[in-house]
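Structure first, commentary second.
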Amino acid sequence: MERNPLRRQLQMMRKSFFDQGYLDDQFVQLEELQDEANPNFVEEVVTLYYRDSSRLILSIEQALERKPFDFNKLDAYMHQFKGSSSSIGAKKVKAESTLFREYCKSGNKEGCMRCFQQLKKEYATLRKKLEAYFQLARQAGPMETACRPK
Amino acid sequence: MNFSCGRGAMSITSSSAAWKPADAVADQFPAGLRVLVVDDDPTCLMILEKMLRTCLYEVTKCNRAETALSILRENKNGFDVVISDVHMPDMDGFKLLEHIGLEMDLPVIMMSADDGKHVVMKGVTHGACDYLIKPVRIEALKNIWQHVVRKRKNEWKEFEQSGSVEEGDRQLKQSEDADYSSSANEGNWRGSKKRKDDEEETDERDDTSTLKKPRVVWSVELHQQFVAAVNQLGIDKAVPKKILEMMNVPGLTRENVASHLQKYRLYLRRLSGVSQHQSNLNPPFISPQGATFGPLSSLNGLDLQALAATGQLPTQSLARLQAAGLGRPTAKSSIPMTLVDQRNTFSFENPKLRFGGQQQQHMNNKQQINLLHGIPTNMEPKQLDNLQHSGQSIGNMNMQVASHGAQNNQNNSLLMQMGQPQSRGQVLGDTTVSQSPGHPSSMGQPILSNGMAANFASRNGIPENIGGPSYNTVSQASSTLNLPLNFPMNHASELPGNSFPLESTPGISSFSSKGVFQDVSSEIKGSVGFMLGYDIFNDLNQHKTQSWELQNVGMTFDAPQHSSSLQDDLHIMQSVSVQQGSTVQMNGHNRSAAIASKAMFSAGDIKEHGNAQNVNQHLNNLVDNARRVKSERIYDTSPANLFPDHFGQEDLMSALLKQQDGIGPTENEFDFDG
């Protein structure tokens, strides 16, 4: 079937996400929630995540530019961001968030800023990857998206 | 939801009403469980909703705490469990937790990406029945129904317990075993959820069959009738007998009414505790300092002592305490009462149940006292070893305390002592717990002990932290504890210690088990289960040393320490206490009276940050205050054994004394807002 190659491609793509550490098991949880009633559940959640978290990213950016530096506030934002990111299984993003919070706790402004840049990169990279993945999934047909990890 | 039901599949086994839980579970419950999810993060909210739906629960989501509260208020019985995030923009999750506990008494599960021990502890102390770390997995949600069942069971148990004084042992036993047990057998619980417990419960219940009495289901109508009768009579004058007459419900016994009244009072206290939080909560504990303390002290002392003695309240004790706190028959009675009655009850001499007066309670107490009698002995020796009996002792203690006349002041001292830095906090929680049951009236009283006892108990074996941080939360939560423990106040009936109509005991018991107190260091906030003393403690709050916010008293029982049984109890207590705790707000408000029951919580209030000692001190203070017991007494007895001089006794004493004044008019405190 013509889907096969797509499906295969999709599966490989998906596997790479896990292998490369972009996603963790929480993503699988999301996939498992997807069903007939919500055939695009994962995509919807990820979309919602990016929409909502972009707001947070902006707030953090603004806070980073403010003087004096408010570590507490930054930490609070990042806590939220981390919660969201972890709930979709964004592994690398989550790791950066954790690191960022560490810097906040130790009052390391430089560390925070550097870390944040890295975080934004990971965040954007993941977004692109997932967008491509969902697109492919749509092409491959609903079945694909519901693939379960082997 | 169809829990109830019938599950045909339920194997309603042979045991009389006991269904085999497994079957029941397999049945439809928990499908249909009505869950309210609160989280400001839309992503998480969406995921949770989907997960919960997958578990076949009925989900309502909202992204603001305020919205959640109004939804809950509008649909009082529309939900079974609430899941809430900790960090929310409009209201702190713990605050929401308190509110819910107070107003709706629903099990609340906290959630957060933050898995730091302190935060989790806070959850415990505030009475959360569980804490989930984000990201939440569906497996974690599958079992949340257990909290609902557990809570129901406990509630029923309370009812039952209060009604049936059967042997204290039984109660203790029951309490330990199961919150569920009682409900299981009983039959109609509010929700079939109870059936779940069935497994163990049934077993347990069979054992305690003697204890079981035909359960009365307090339906909405029945409760309304009850409330109407109470209001007509006047909350202060509402005695079971009269209420029963007014209600005129065939088949309803005075005992049923009495136990329900106890609960109701706790509830009122809790409510008023919250409102009064600021006001003088001076828990009646202060009063105990004076004479009243005597009797109470004994009771409390017992607890304390027990706690102190054991220092490590064996889980058992904690369990007992919990049971007591939870309102298990054993514990319940004693704890709430003691505190309540500070004024009068304190004096053991006259067992009047200050606590809560009701004669019923008195009766209950008496009966319970008996239970305690056996136990107190243990305590006296200031060996908390007895406490080890675990929850039992706590329960006993309470009872004992309740039995004012019965015990010796030592008990009080114990309690007080317990409050002391004993092992830091452990016992504290416990002690208070135990206390309350007996003397509702002594609000300020022994609650502390209970809590303390609880602490002690918990201390013994319990991981201190439990006590600690929990306390803090407890304090917050403890406000709820202010449950109408006070009620006893009205009736100076002699609650022989047993009669702690601590409705709030639930919370109290939790104290005990919770090592919460243990952590005294952290914050004894009310969590100590000072439910009893919430008020008292509140008043006591004056202590500068540590702001014991009893509020949380009892709430945070984190019983992790002990034995599983305790844990369960604690758990329940937690939930219970949460409610109670919040009201309790023992911040030294005058609620002390109400504190009686709260007293237990007061311990919780004691927000000690950091040192158990403080907590203890507070506890002591609270207890003292509540009790008006001779403070000396309290301290004296214990010091040797129970509390090393960690606490500046003097400070405590003075604090207490100060409180006392505040607490003095505890009677008024109990104005149940009900």
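Predicted model, so just to flag it, every value in this text is computed and none were measured. Just so it is clear, the values below take in all heavy atoms, side chains as well, and ignore hydrogens, waters and symmetry mates. Chain naming here is simple, since letters A, B, ... match the order of the sequence lines and numbering starts at 1 in each.
- Heavy-atom contacts from other residues, nucleotides or ligands closer than 6.0 Å to NZ of A/Lys15 number 12 or fewer.
- In this structure, A/Glu32 and B/Ile138 have side chains that are not in contact, with every pair of non-hydrogen atoms separated by 4.5 Å or more.
- Under the 4.5 Å side-chain criterion, counting only non-hydrogen atoms from C-beta, A/His79 is in contact with B/Ser112.
- Of the atoms belonging to B/Asp85, not a single heavy atom falls under 4.5 Å from chain A.
- Contact check on B/Asp41 versus A/Lys82 returns no salt bridge, with no Lys/Arg side-chain nitrogen under 4.0 Å from an Asp/Glu carboxylate oxygen.
- Nearest heavy atom pair, residue A/Leu48 against residue B/Pro42, reads CD2-O, 3.5 Å.
- In the displayed structure, A/Glu110 atom CD is contacted under 6.0 Å by at most 12 heavy atoms of other residues, nucleotides or ligands.
- Counting all heavy atoms, side chain and backbone alike, B/Ile47 lies closest to A/Phe41 at CA-CZ, 4.1 Å.
- A/Gln80 touches chain B through backbone and side chain together, each having a heavy atom under 4.5 Å away.
- Within the 4.5 Å cutoff, side-chain heavy atoms of B/Pro135 are placed close to those of A/Lys94.
- Atoms CG and CD, from A/Leu33 and B/Glu49 in turn, are 11.0 Å apart once rounded to the nearest 0.5 Å.
- Looking only at heavy-atom pairs under 4.5 Å with chain A, the residue among B/Arg53, B/Glu139, B/Met51 that has the most is B/Met51.
- Within a 6.0 Å sphere centred on NZ of A/Lys105, other residues, nucleotides and ligands contribute more than 12 heavy atoms.
- Shown here for A/Gly83 and B/Cys44, the closest heavy-atom pair between the two residues is O-SG, 4.0 Å.
- Residues B/Lys50 and A/Gln34 have side chains not in contact (no heavy-atom distance under 4.5 Å, counting atoms from C-beta outward).
- In this structure a side-chain-to-backbone donor-acceptor pair under 3.5 Å is missing from A/Gln26 to B/Lys134.
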